[in-house]
K.L.:
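Please see the structure below; I have some questions.
Position 1 is the first residue of the sequence; numbering continues from there.
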Amino acid sequence: MTKKTAIKARRDFLEFELEAKYLKIDELVEQRRRELERLYAVKNLTIPDIDDSGASRSGTSCNTSENLAIAYASDLIILKLEEFQRAIPKLLDVLEPDDKEIFRLRWGEHTRYDWIQILYIMQNGDTGYLYKHRKQIYRRREVILDTLAKILLM
């Protein structure tokens with residue numbers, strides 16, 4: 001795979017992630033926690049060396065809620081969702097005002113415009129002179145997604 005293809009694939013993946021997770025990240029974290037709770041209840045899973053009767057083999061006290069807290073804190077899915085959740089405010093802090101507006105139009109709570117609609121909206125805004133061609137709005141998309149990628153790598 002060429003570098004250009006890899007970069008495009010990363011951008012497409014991040015856009016998919018934003019569309020799938022951005023507005024419902026809290027719900028997704030809570031859903032995963034419920035899955036872990038059900039898994040724990042069904043399998044009566046314990047952490048090695050801990051007996052759920054209330055005492056560990058080492059003599060310290062432990063309980064189900066502590067085991068679940070440890071499971072939440074070490075679950076890779078929850079960790080990735082929380083990483084994504086923390087990245088969005090950082091992204092919005094570093095974006096230029098136009099890019100924040102583009103982000104809002106594309107992935108915002110009450111708007112879900114496609115890229116051509118965003119181009120027309122931005123053309124009619126205060127900085128509309130910057131957006132004469134589709135290529136220009138797609139370049140802003142690349143900047144937004146590349147910035148998100150950098151934040152996620154930190």
Side-chain angles (χ1 to χ4, degrees), residues 1-43 45-48 50 62 64-154:
M1 182 182 320
T2 67
K3 184 176 179 180
K4 193 173 186 176
T5 306
I7 291 169
K8 182 187 178 328
R10 183 189 69 212
R11 288 175 183 148
D12 290 347
F13 174 75
L14 287 173
E15 182 164 10
F16 172 80
E17 289 282 282
L18 281 167
E19 289 173 6
K21 296 177 182 175
Y22 172 58
L23 293 178
K24 53 186 174 180
I25 193 79
D26 294 332
E27 178 184 324
L28 293 171
V29 170
E30 188 56 36
Q31 178 183 352
R32 179 60 182 167
R33 286 182 179 189
R34 286 191 307 269
E35 288 171 5
L36 291 174
E37 290 167 7
R38 282 193 303 272
L39 183 64
Y40 185 88
V42 169
K43 293 186 176 181
L45 294 177
T46 59
I47 296 177
I50 296 177
C62 191
T64 300
S65 61
E66 289 173 351
N67 285 347
L68 283 171
I70 292 168
Y72 299 154
S74 61
D75 183 70
L76 292 178
I77 294 172
I78 289 177
L79 292 173
K80 283 294 191 185
L81 288 169
E82 288 174 341
E83 175 187 31
F84 186 82
Q85 189 176 36
R86 287 187 303 273
I88 299 303
K90 291 177 185 177
L91 172 67
L92 294 173
D93 283 346
V94 299
L95 289 179
E96 298 295 325
D98 272 13
D99 292 340
K100 285 181 190 177
E101 178 64 7
I102 291 168
F103 183 95
R104 186 189 67 77
L105 291 169
R106 179 65 179 180
W107 298 290
E109 192 167 343
H110 301 292
T111 57
R112 299 294 289 218
Y113 293 108
D114 66 38
W115 292 107
I116 300 301
Q117 290 170 315
I118 293 170
L119 170 65
Y120 293 133
I121 292 168
M122 294 305 290
Q123 283 176 339
N124 292 319
D126 293 339
T127 55
Y129 61 90
L130 296 174
Y131 306 100
K132 297 295 181 199
H133 306 285
R134 268 191 296 195
K135 191 185 324 185
Q136 292 160 316
I137 206 75
Y138 290 130
R139 178 67 190 121
R140 301 318 311 156
R141 170 194 180 264
E142 292 171 359
V143 168
I144 294 167
L145 297 173
D146 291 348
T147 305
L148 177 58
K150 288 176 189 169
I151 291 169
L152 288 170
L153 289 175
M154 291 181 187

K.L.:
Evaluate the side chain to side chain contact (heavy atoms under 4.5 Å, CB included) criterion for residues L23 and W107: first the C-alpha distance (whole Å), next the side-chain angles of each, then the deciding distance (0.1 Å), finally the verdict.
P.N.:
CA-CA 8 Å; L23 293 178; W107 298 290; over 6 Å; no

K.L.:
With rounding to the nearest 0.5 angstrom, report the CZ to CG distance, F84 to L28.
P.N.:
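With rounding to 0.5 Å, CZ (F84) is 9.5 Å from CG (L28).
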
K.L.:
Take a 6.0 Å sphere around CD of Q136 and say whether it holds more than 12 heavy atoms from other residues, nucleotides or ligands.
P.N.:
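Enclosed: over 12 neighbouring heavy atoms sit under 6.0 Å from CD of Q136.
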
K.L.:
With sequence neighbours excluded, tell me which residues meet side-chain contact (heavy atoms from CB on, under 4.5 Å) with R10.
P.N.:
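Here the qualifying residues are I7, L14, D146, A149.
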
K.L.:
Sequence neighbours excluded, which residues qualify as side chain to side chain donor-acceptor pair (under 3.5 Å) partners of D99?
P.N.:
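Partners of D99 by the side chain to side chain donor-acceptor pair (under 3.5 Å) criterion, ordered by chain and then number, come out as R140.
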
K.L.:
Suppose we screen for side chain to side chain donor-acceptor pair (under 3.5 Å). Which residues come up paired with K8, at least two apart in sequence or across chains?
P.N.:
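K8 satisfies side chain to side chain donor-acceptor pair (under 3.5 Å) with D12 only.
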
K.L.:
Name the one of I144, L145, I151 that satisfies side chain to side chain contact (heavy atoms under 4.5 Å, CB included) with T147?
P.N.:
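Among the candidates, only I151 passes.
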
K.L.:
Does the side chain to side chain contact (heavy atoms under 4.5 Å, CB included) test come out yes or no for L81 and I77, once each step is laid out?
P.N.:
CA-CA 6 Å; L81 288 169; I77 294 172; 4.0 Å; yes

K.L.:
Excluding sequence neighbours, so at least two apart, what forms side-chain contact (heavy atoms from CB on, under 4.5 Å) with S74?
P.N.:
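side-chain contact (heavy atoms from CB on, under 4.5 Å) list for S74, sorted by chain: empty.
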
K.L.:
Are D75 and L79 packed together at the side-chain level, in the sense that at least one heavy-atom pair is separated by less than 4.5 angstrom?
P.N.:
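Contact flag for D75/L79 side chains = no.
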
K.L.:
Restricting to pairs with a member in residues 16-25, which pass salt bridge (Lys or Arg N to Asp or Glu O under 4.0 Å), not counting sequence neighbours?
P.N.:
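Only E17-K21, E19-R106 qualify under salt bridge (Lys or Arg N to Asp or Glu O under 4.0 Å).
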
K.L.:
Could you pull out all residues at least two apart from K150 that satisfy side-chain contact (heavy atoms from CB on, under 4.5 Å)?
P.N.:
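For K150, no residue satisfies side-chain contact (heavy atoms from CB on, under 4.5 Å) once neighbours in sequence are set aside.
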
K.L.:
Kindly state each residue pair satisfying side-chain hydrogen bond (donor to acceptor under 3.5 Å, both in side chains) with at least one member in residues 84-95, sequence neighbours excluded.
P.N.:
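Of all non-adjacent pairs touching residues 84-95, those that pass side-chain hydrogen bond (donor to acceptor under 3.5 Å, both in side chains) are D26-Q85.
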
K.L.:
Do any pairs count as a ring pair (Phe, Tyr, Trp, His ring centres under 6.0 Å) and have a residue in residues 11-36, sequence neighbours left out, and if so which ones?
P.N.:
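For residues 11-36, and leaving out neighbouring residues, the ring pair (Phe, Tyr, Trp, His ring centres under 6.0 Å) pairs sorted by first residue read Y22-F103.
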
K.L.:
Does a side-chain heavy-atom distance below 4.5 Å link L36 with I78?
P.N.:
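A side-chain contact under 4.5 Å exists here.
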
K.L.:
Can you name the residues that form a side chain to side chain donor-acceptor pair (under 3.5 Å) with R104, not counting sequence neighbours?
P.N.:
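Counting only residues at least two positions away or on another chain, R104 forms a side chain to side chain donor-acceptor pair (under 3.5 Å) with E101.
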
K.L.:
Donor-acceptor pair, distance only, cut-off 3.5 Å: does the side chain of T127 make one with the backbone of L130?
P.N.:
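No, the answer is negative, given that no donor and acceptor are paired below the 3.5 Å cut-off.
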
K.L.:
Return the CD1 to CD1 distance between I116 and I137, rounded to the nearest 0.5 Å.
P.N.:
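Between I116 CD1 and I137 CD1, I get 9.0 Å after rounding to 0.5 Å.
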
K.L.:
For atom CG of L76, is the number of surrounding heavy atoms from other residues, nucleotides or ligands below 6.0 Å larger than 12?
P.N.:
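Incorrect, the count does not exceed 12.
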
K.L.:
Taking salt bridge (charged side-chain N to carboxylate O under 4.0 Å, His left out) as the definition, give me every residue that meets it alongside D98, ordered by chain and number, with sequence neighbours left out.
P.N.:
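Scan of D98 (salt bridge (charged side-chain N to carboxylate O under 4.0 Å, His left out), adjacent residues dropped) gives none.
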
K.L.:
Sort and list the pairs that fulfil side-chain hydrogen bond (donor to acceptor under 3.5 Å, both in side chains) and have at least one residue in residues 112-124, not counting sequence neighbours.
P.N.:
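Counting only pairs at least two positions apart or across chains, the side-chain hydrogen bond (donor to acceptor under 3.5 Å, both in side chains) contacts touching residues 112-124 are E15-W115.
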
K.L.:
If the test is side chain to side chain contact (heavy atoms under 4.5 Å, CB included), which one of K135, E142, R141 qualifies with R139?
P.N.:
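Running side chain to side chain contact (heavy atoms under 4.5 Å, CB included) over K135, E142, R141 with R139 returns exactly one hit, E142.
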
K.L.:
Set out, in order, the CA-CA distance, both residues' side-chain angles and the distance that settles side chain to side chain contact (heavy atoms under 4.5 Å, CB included) for L95 and I102, then state yes or no.
P.N.:
CA-CA 10 Å; L95 289 179; I102 291 168; over 6 Å; no

K.L.:
Not counting sequence neighbours, which residues clear side chain to side chain donor-acceptor pair (under 3.5 Å) with E37? List them please.
P.N.:
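Testing E37 for side chain to side chain donor-acceptor pair (under 3.5 Å), a comparison that skips the adjacent residues, returns Y72.
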
K.L.:
Could you walk me through whether L105 and M122 pass side chain to side chain contact (heavy atoms under 4.5 Å, CB included), step by step?
P.N.:
CA-CA 10 Å; L105 291 169; M122 294 305 290; 4.0 Å; yes

K.L.:
Could you tell me the separation between the CD atom of Q31 and the CD atom of E27, rounded to the nearest 0.5 Å?
P.N.:
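These two atoms lie 6.5 Å from each other.
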
